[in-house]
Every structure is written in C-alpha cells, then in structure tokens.
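Residue numbering restarts at 1 for every chain, and letters A, B, ... go by the order of the sequence lines.
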Protein chains: 2
Amino acid sequence: MQHARCFQKGFAGTRTRDIAEEAGINLALLNYYFRSKEKLFDIIVLETMQSFFNSMADAFNNDQTSLESKVETLVSNYIDLLTKNPDIPLFILSELKMNPTEIVKKIGVKDLVMNSYFMKQYIEEANAGKIAMLHPMHFIMNMMGMIVFPFIASPILKSLGDLPQDDFNDMMQQRKKMIPLWIKAILNTNPNQ
Amino acid sequence: MQHARCFQKGFAGTRTRDIAEEAGINLALLNYYFRSKEKLFDIIVLETMQSFFNSMADAFNNDQTSLESKVETLVSNYIDLLTKNPDIPLFILSELKMNPTEIVKKIGVKDLVMNSYFMKQYIEEANAGKIAMLHPMHFIMNMMGMIVFPFIASPILKSLGDLPQDDFNDMMQQRKKMIPLWIKAILNTNPNQ
DNA sequence: TTATTTATTAAACAAATGATTAAAACACTT
DNA sequence: AAGTGTTTTAATCATTTGTTTAATAAATAA
C-alpha cells in the first residue's frame, strides 16, 4: 500500500472517503476493518515509522563493518529512501507531535538505536579518543539533520536555490558522498575550543 | 497574537471556531475581516515566515562582521527563537508543502538570503580558497538542518535520549557553541576526497 | 440630532465527514 | 441444499464546520 494521500495531507487533512477510494474499497469496509479513522492512522503511522527505522537495523548491527562504513551505508540508504518517498519524514513528525511518546515506545526505536552495535562502536571510539567526546544525541541530530532536513524543507530550498526537482535530486546524490566526510570532520572537532 | 493553536494543529486541524475563541472574538467577525479560513491562514503563514526570516536580515547584511561571526549570531539567535517557539518550523514547512512556491515568492526569502552580504562573503571566501568550494545550498542545508531539525524532531529525539524538556533545552544551548565549530570544520573539509 | 457607515453578534445554512445500519453477496461447512 | 459465519455495499445518521444572513450596536458624518 502507498498511503500517498495520508502522507501528503496528514491525519486532519485526509478524508476517510479518499482513503477508501484510493484503496478501491467501500467506505463502510474501512470502518469494519479499522473501527475508526484514528485507529487506522495509528496503524499507518506505526507501520511507516517501523519500516523507516527497521530498514536500517541490519546495517546498524553488523559487527563486521567499521563505524565509518556504517555511516556511509546509512546516509546512502536513507537518501535513496527519501528520494523515493520524500513525504514520509514530515508525515511521521507531524503525526508524532499529536500522540507524543505513545507511538515511539511501541516501535522500540529507542532500543533499536541506543542499544545497537553502531552506538556501541561510537561510544568505544569516543572513549578511546579516536573521535570527539560528543554526546550521542548531538551526533544523531547532526547526521539525521543533514540527511532528513533537506527533504522536509525541500519546497523552500528548491525555491531558494532555483533548483528544479532533478537538480535537487542530483544535489541529494552528491550529499551521499559529502555527508560522511562532514560527519568525520565533525567527529574530529575538539568540543572544548 | 500567538496563533498557538494554528501552529500546533495546522490548517486542516484548526477549527475557525477555536481561532475565534482564542482571539476572543465572534466567529462571524473572523469571516468579516478575513473572508475565509484560507485567506486567514495565508496571512498567518506569511506573517510567521516573514518574522522568521526577517529576524535575521540585519545580522545577515552587516558588513562590519566576519562570516564566522555571522554564523555564530545566526545560530544563537535561531536557537533562542526556536526554544521559545518550537512549533513554528513544522507549521511553516507543513503549510508550505500545500501551497508550494506561491508563498515563498511573496516573502522574497530568496532575495533576502541569496543576495545578502552574508552570501557575498561566503562566495568570496570560497573563491579565495579560505573555505571549501561548496555549493551554497549545501551550506544552508547543513546549517539550517543542524539548527532546525532537532526542534522538528524533538518528540522522537527526547524519547530516544531520555531527555526531559529541560535537558533538551540545555542541549540546544550547548549547540549554540558547537554548531559554529562544526560548520567551520565542514567548511575546511576537502570535497574532492 | 439624524443619517450613514462600520463593527459585532446570535442564529441558521449547506456541505462535508466520520460512523452506523441493515441488507445483500460470498464462502464454507454439514 | 440448507445453515452459518464472514465480507461488502448502498443508504442513512448525527455532528462538525466553514460560511452567510439578518438584526443590533457602535462609531462617524451631516
């Protein structure tokens, strides 16, 4: 399923009639299966977040690859994913603001990220002095910010830089190579400057 | 005016009755002044974006300060602004996705950013080899991403890092000092690696 | 004052919308 | 074939919601 309309218009902006039509089923059937619009959206949000985060779980927990290589994989995969589905982040973050922590807990994204082999490697290298002693959350904010923010802000950025969709996508492809370099530069920065 | 409800729930999720009540005026009066919900929101979005971008215009066009110092000011001011009004970015970006380029043009944000003294300095220093030869849009994406993304994604980040609101705010204060250092590190990165 | 425009309100309207109902169609078992 | 439970649908309901109307109050002009 694509949930295209949901992603674009969000919970309040999406009509159950449109969802039913898009799915090719009767409106009453939608309620027969999901009981209410809210429960339907709970499922859509959950599924979407789950697939968004789980898509990286394998690479995250590979104990054969370096931290650096994991960053490269993560950046590359997410940029490809977001190029194909640019509406997902804004959808997730908008819906999440309404039902705050409930959904996040259900997915177990905290365990997925914070207890990953990736995080273990990060903390080890930080303790060993190989990279900057930087709170993991700053690292996540920077990395995800550099990856996700351009897609969230694409309307304004495309207008700002006179970028048609194709040029914007080209730029995102460039970022696949650049972001890992920038991350490395950040991790070599002395925080006590 | 605060537009609090609008910022939290967006166009589709906000009821005109609630806006009227919050403003302490009669519902019919709202239409008497603004003619329709859509036109009311056009004004709110426009005003909000204008204040968001214009708030930085002065510092941006100061020809007495260095590029580095401008980055520091920008980061610090925006983090303070977003700490006070964390709902603004998601509101702007959500509404912007519906009415794509129309609004952006009205504000003249393109002229404000791209023809600023700040940008001139950036391009000069890039040409002089003092900083990396990096497309200005990458620079903007990175800087704004590092500043704004944490606020947009705060629900998930706070849960991920076990951060109560106060700790989250502390972390944002830390970023005031860090982001300029990270930006500098990025601008010293050789892109042809 | 009186007239006229402007601001404000309570009430109502029409369309949209999430949900339900009751009946029909289908699948499966005995 | 008859019985039973499940799936699907057209029609309907009850609210919600953006907007309008018609009347009143307040301000302004004559």
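Minimum atom distance to the side chain of B:S36 is reached by D:dT19, of the listed D:dT19, C:dT8, D:dT9. Closest to the A:A28 side chain, of the nucleotides D:dA10, D:dT7, C:dT9, is D:dA10. When each of D:dT19, C:dT21, C:dT8 is scored by its nearest atom to the side-chain atoms of B:K37, the top-ranked nucleotide is D:dT19.
Whole-Å rounding puts the B:F34 CZ to D:dT20 C1' distance at 18 Å. Protein atom CZ of B:F41 is 13 Å distant from nucleotide atom C1' of D:dG18, rounded to whole Å. Rounded to an integer number of Å, the gap from CG of B:N31 to C1' of D:dT20 is 8 Å. The CG-C1' distance, from A:L27 to D:dA11, rounds to 11 Å in whole Å. Put simply, CG on B:L30 is 15 Å from P on C:dA7, counting in whole angstrom units. Atom CG in A:L29 sits roughly 16 Å away from atom P in C:dG18 (whole-Å rounding). The separation between B:D42 atom CG and D:dG18 atom P is 15 Å, rounded to whole Å. Rounding to whole angstrom units, CD of residue B:E21 and P of D:dT17 are separated by 13 Å.
A donor and an acceptor atom, one from each side chain of A:K97 and B:Q8, are nowhere located under 3.5 Å apart.
Ring orientation note: the planes of A:F91 and A:F41 are tilted relative to one another, at an angle of 30° to 60°.
Within the cation-pi definition used here (under 6.0 Å to the ring centroid, within 45° of the axis), B:K37 qualifies as a partner of B:F11. For the pair B:K158 and B:F168, the distance from NZ or CZ to the six-membered ring centre is under 6.0 Å and the angle to the ring normal is within 45 degrees.
Within residues 12-20 of chain A, no residue has any heavy atom under 4.0 Å from DNA chain D.
Heavy-atom contacts from other residues, nucleotides or ligands closer than 6.0 Å to CD of A:E38 number 12 or fewer. Residue A:N127 qualifies as enclosed at atom CG: its count of foreign heavy atoms under 6.0 Å is above 12. Other residues, nucleotides and ligands place more than 12 heavy atoms under 6.0 Å from the CD atom of B:Q50.
Residues B:Y32 and A:E38 both approach DNA chain C. Their nearest nucleotides, taken by heavy-atom distance, put B:Y32 toward the 5′ side. Where A:N26 and B:F11 each meet DNA chain D at their nearest nucleotide, the meeting point lying more 5' is that of A:N26.
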